[in-house]
2 protein chains.
Amino acid sequence: MNVTIYDVAREANVSMATVSRVVNGNPNVKPATRKKVLKTIEELGYRPNAVARGLASKRTTTVGVIIPDISNMFFSELARGIDDIANMYKYNIILSNSDQNIDKEIKLINTMLEKQVDGIVYMGSRLTDEHLKEFKTSPVPIVLAATIEPTNAIPSVNIDYEEAGYEATKLLIDNGHTKLAFVTGLDETTANKAKHQGFVQALEEIEQTVDQTNVFRGDLSYQSGLKAVESLFDQTEKPTAIFAASDEIALGVIHGIQDLGLNVPADVEVIGFDNTRLAMMIRPTLSTVVQPVYDIGAVAMRLLTKYMNKEEVEESNVILPHQIIKRSSTK
Amino acid sequence: MNVTIYDVAREANVSMATVSRVVNGNPNVKPATRKKVLKTIEELGYRPNAVARGLASKRTTTVGVIIPDISNMFFSELARGIDDIANMYKYNIILSNSDQNIDKEIKLINTMLEKQVDGIVYMGSRLTDEHLKEFKTSPVPIVLAATIEPTNAIPSVNIDYEEAGYEATKLLIDNGHTKLAFVTGLDETTANKAKHQGFVQALEEIEQTVDQTNVFRGDLSYQSGLKAVESLFDQTEKPTAIFAASDEIALGVIHGIQDLGLNVPADVEVIGFDNTRLAMMIRPTLSTVVQPVYDIGAVAMRLLTKYMNKEEVEESNVILPHQIIKRSSTK
DNA sequence: TTGAAAGCGCTAACAA
DNA sequence: TTGTTAGCGCTTTCAA
């Protein structure tokens, strides 16, 4: 059997309550007593049982993190931001991959709640009514990270994807292009839908229509970018500028274009999205929309700590600034 | 107050024990009773409290995962393997980043143990005596993933890094090179040290010496690969073939070489390590050592489940096969 | 400044 | 097949 608080109390000739106070840094303990208790804790190698503590105090200092896919660079960077701030506030994270699968997402929320997490950071895409119901009835606070809930009923941290999409497209237009294309994922996540809307808005300003010929829907992978080029350049109206919904797609797009014997940016300009480390790891280096990924995670976690501590929150739907970095894939 | 097992028992006119049996799928319950209990569980919206369960049963169905940096592609892929198998066996993971910082690693092990995890998957580099002491005195099983403990005293899952390093170098040598260089991290992790040894061994066979002129120690980043080229090609004896300890380094090396106006592989051949997705995202595509990263995580977690279930384990230090994929960065 | 004692919500003998 | 009951290890009043 393990050493318990009771063993320490007996050895140190004090009550469990006193040991508990020492362990929790309660100031109402005489220095001499504290020292004595600390000494026997050391001697016995006592390690507090967080589960028992959690049951008694109803706080586990653990938060749930539901993430589409940790092996995706975008999300792993986000997760890092979450964990760093969690750590700073003495929380640990239970991390689970959802693969954007709705049933799994719902199941994970419930598992997390069963495990009595003190809060949840949620990342996903399509939010169904079922999601919203879970969010709203949750006994602990939930914060959405890089996940849009149109009615802003749930606390969240995002950037303005539509505006960002508009700006990225506008940059291309300002460089003189009229044949633009947008390459995105198949089932557009809400964020990608917003980027899409920004794209459409910018095109409308120059009276260009948007249809199947200039929007390619694949997945969010490098391979998909490659395929997009095949498809897009197989048409009579070939694009001269491409806006990709992620850096990884952009990378595929650039290589696809190069494989066609064309030059980026001379023949075709390309702009990505996310500014993952990938952006610098390609030639030409990638112009892209900087989404402060790490910060989104960090701010989401910080926001969650406020809710968990029942602190006053002035703004529950945080929009972080984005910017566009021009590198060599655009002129 | 939340709905407890007691509330369900009262409403359903059965004892807590019966409710517990139903919840845990114990077959010793009359179907009619089960149905009745299930119904009131539904009605009351009862959600079992895993913390209370953990305290009573001494099992939390949670495992700790200590990882250097989840935002690093290599580790995030590993983590994905771990989580998938964990999920399959109904475990959740508490994930924490250590940044390879020894104090933090030790502290994390203790935090995990306080939280009563049922086991730990550990990834790190240098293992000190203090690490080993913690591993050996841990009340729950610990498995090392992609982490070498030279005496094999702790269960682990790895590939044969030395052999892999040897083979990678040999490939370069067989292509006719005598001026080879190895680019690695600063404080060599045990795995990188093994790669290094393989490099040395291969060079010894062609009677080439290894010194500062052909080993560059930076960190494991893209930038470091760039710097390595600067340094390596600033010497009179310039290498004609480079073995990089990771794909990300290799990417930097290739771009550094290209920036010098040289061609890969015509002027300099490059081979990487890990076969992360990056390997395909570069031109020329990267020849690299395939380390089954996802599998290492998956197998480590699987091994851990065996220990947690006190199953018989035939081999506690698993060596997974590696291979070398030749792409376009070598001839 | 300290201690006594009542839970926290559940599991797991054991008994019936 | 079901119920009773004693913990699991800790926090938290409340009283002293």
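Side chains are part of it too, since the values below use all heavy atoms of this structure and drop only hydrogens, waters and symmetry mates. In the text below, chain A, chain B and the rest are named by the order of the sequence lines, each starting its count at 1.
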Original post:
side chain to side chain donor-acceptor pair (under 3.5 Å) between Arg47(B) and Asn110(A): does it pass, once the steps are laid out?
Top reply: CA-CA 8 Å; Arg47(B) 175 153 42 211; Asn110(A) 279 291; 2.6 Å; yes

Original post:
Taking the side chain of Ala17(B) as heavy atoms from C-beta outward, which of dC8(D), dA12(C), dC10(C) is closest to it?
Top reply: dA12(C)

**OP:** Select base, sugar-phosphate, or nothing to describe what Ser57(B) touches, counting heavy atoms under 4.0 Å on all strands.
**Re:** sugar-phosphate

Subject >> Salt bridge Arg10(B)-Asp7(B), side-chain N to carboxylate O under 4.0 Å >> reply: yes

Original post:
If only side-chain N and O atoms of Tyr46(A) are considered, is one of them under 4.0 Å from the OP1 or OP2 phosphate oxygen of dC10(D)?
Top reply: yes

Subject >> Phosphate contact (dC10(D) OP1 or OP2) by Ser20(A) side-chain N/O below 4.0 Å >> reply: no

Subject >> Spacing between Ile5(B) atom CD1 and dT2(D) atom P, to the nearest angstrom >> reply: 15 Å

Subject >> Along DNA chain D (nearest heavy atom to each residue), the more 5'-positioned of Ala56(B) and Thr33(B) >> reply: Thr33(B)

Subject >> Proximity to the side chain of Lys58(A) - top-ranked nucleotide from dC10(C), dC8(C), dC10(D) >> reply: dC8(C)

Original post:
Is Asp129(B) salt-bridged to Lys136(B), cutoff N-O under 4.0 Å?
Top reply: no

Original post:
Ile41(B) has an atom CD1; how far is it from atom P of dG9(C), in whole Å?
Top reply: 16 Å

**OP:** With the side chain of Ser15(B) defined as its heavy atoms from C-beta on, choose the nearest nucleotide among dG3(C), dG3(D), dC10(C).
**Re:** dG3(D)

Subject >> Which residues share a ring-ring contact (aromatic ring centres under 6.0 Å, His included) with Phe135(B), sequence neighbours left out >> reply: Tyr122(B)

Original post:
Reckon Asn49(B) has a side-chain N or O less than 4.0 Å from the OP1 or OP2 of dC8(C)?
Top reply: no

Original post:
Which nucleotide, dC10(D), dT2(C), dG9(C), lies nearest any side-chain atom of Thr4(A)?
Top reply: dC10(D)

**OP:** In whole angstrom, give the distance that lies between atom CZ of Arg21(A) and atom P of dT2(C).
**Re:** 8 Å

**OP:** Would you classify Val14(A) as touching base, sugar-phosphate or nothing, given that sugar-phosphate means primed atoms plus P, OP1 and OP2, and contacts are heavy atoms under 4.0 Å?
**Re:** sugar-phosphate

**OP:** Using atom CZ of Arg53(A) as one end and atom C1' of dC8(D) as the other, report the distance to the nearest whole Å.
**Re:** 16 Å

Subject >> Sugar-phosphate, base or nothing in reach of Asn28(A), heavy atoms under 4.0 Å >> reply: base

**OP:** Mind calculating the distance between CG (Asn2(A)) and P (dC10(D)) to the nearest angstrom?
**Re:** 9 Å

**OP:** Specify the closest pair of heavy atoms between Pro141(B) and Met308(B), including all atoms of both residues, with the distance to one decimal.
**Re:** CG-CG, 3.7 Å

**OP:** Please state how far atom NZ in Lys30(B) lies from atom C1' in dG3(D), giving the value in whole angstrom units.
**Re:** 14 Å

Original post:
Where the side chain of Thr18(B) is concerned, which of dT2(D), dG9(D), dC10(C) is the nearest nucleotide?
Top reply: dT2(D)

Original post:
Gln116(B) CD to dC10(C) C1': how many Å, rounded?
Top reply: 15 Å

**OP:** In whole angstrom, give the distance that lies between atom CG of Leu113(B) and atom P of dG9(D).
**Re:** 15 Å

